[in-house]
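Because the structure is predicted, anything quoted here is derived from the model rather than measured. As the structure lists them, so they are numbered: ligands from 1, and atoms in each ligand from 1. One-based numbering along the sequence shown.
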Amino acid sequence: MKKIFCQIAKSREEILECYKIRYEIFVCEQKLFSESDKDKNDKDSVHILAKRNGEAVGTVRIFMKKNNIWFGGRLAVLKKARRGDASKLLVKKAVEIAKIKKAKRFLAWIQVANVNFFLRLGWKKIGNKKDYLGKPHQLMETNLS
Ligand SMILES: CC(C)(COP(=O)(O)OP(=O)(O)OC[C@H]1O[C@@H](n2cnc3c(N)ncnc32)[C@H](O)[C@@H]1OP(=O)(O)O)[C@@H](O)C(=O)NCCC(=O)NCCS
């Protein structure tokens, strides 16, 4: 049985594991960034790390934008751990943490290819798609009540 746990990345080592996974996916796999996908939001983000049998396989970050409105982003699961529970557990943990932070709203800009994944998890579309880094993204929101 493959056991998956999602936890807040607290140590520097764990946060570096998150960045490493993001590099693998957003720079190498998707080529959305040429050198690094890190940005100013990382400093104030809660980084969440998914481990499968102790091995880091996925990550997501959440941060407050303004007025207690929180955003999730950089959801990434290594290819070898896709089609399993890692991605759903990461989103579940992100929502749990947003609730603990007493977020008023929790939103995310989602690549159009992943909209169905979020719809299956109960997220709703908000407004129209927008291009970000040359890819169409859909703003989505989950119900925190
Ligand atoms: C988005 C992501 C976290 C979803 O995790 P997952 O484990 O793949 O989730 P699922 O198994 O539920 O699959 C999600 C979708 O990807 C498709 N998919 C997953 N692995 C695939 C593969 N190897 N080949 C083709 N399609 C695949 C599934 O069919 C599903 O499509 P659908 O929603 O239209 O039915 C993961 O695919 C990923 O890290 N992708 C790269 C980074 C990314 O796009 N991040 C999201 C930014 S908004």
If the test is side-chain hydrogen bond (donor to acceptor under 3.5 Å, both in side chains), which one of Arg105, Lys125, Lys124 qualifies with Glu141? Arg105

Quick one: sort the His137 and Tyr132 rings into parallel, tilted or perpendicular, breaks at 30° and 60°. perpendicular

Quick one: name the residues clustered hydrophobically with Val112, using the 4.5 Å side-chain heavy-atom rule over I, L, V, M, F, W, Y, and just say none if it's on its own. none

If you link I, L, V, M, F, W and Y whenever their side-chain heavy atoms are under 4.5 Å apart, who else ends up in the same group as Leu119? Ile8, Val46, Ile48, Val60, Ile62, Met64, Trp70, Leu75, Val77, Leu90, Val91, Val95, Ile97, Phe106, Ile110, Val115, Phe117, Phe118, Leu121, Trp123, Met140, Leu144

Mind checking side chain to side chain donor-acceptor pair (under 3.5 Å) for Asp39 and listing every partner two or more places apart, or none if nothing turns up? Arg61, Arg74

Do the charged groups of Lys20 and Glu13 touch, with an N to O distance under 4.0 Å? no

Ligand 1: protein residues within heavy-atom distance under 4.0 Å: Ile25, Phe26, Gln30, Leu75, Ala76, Val77, Arg82, Arg83, Ser87, Ile110, Gln111, Asn114, Asn116, Phe117, Arg120

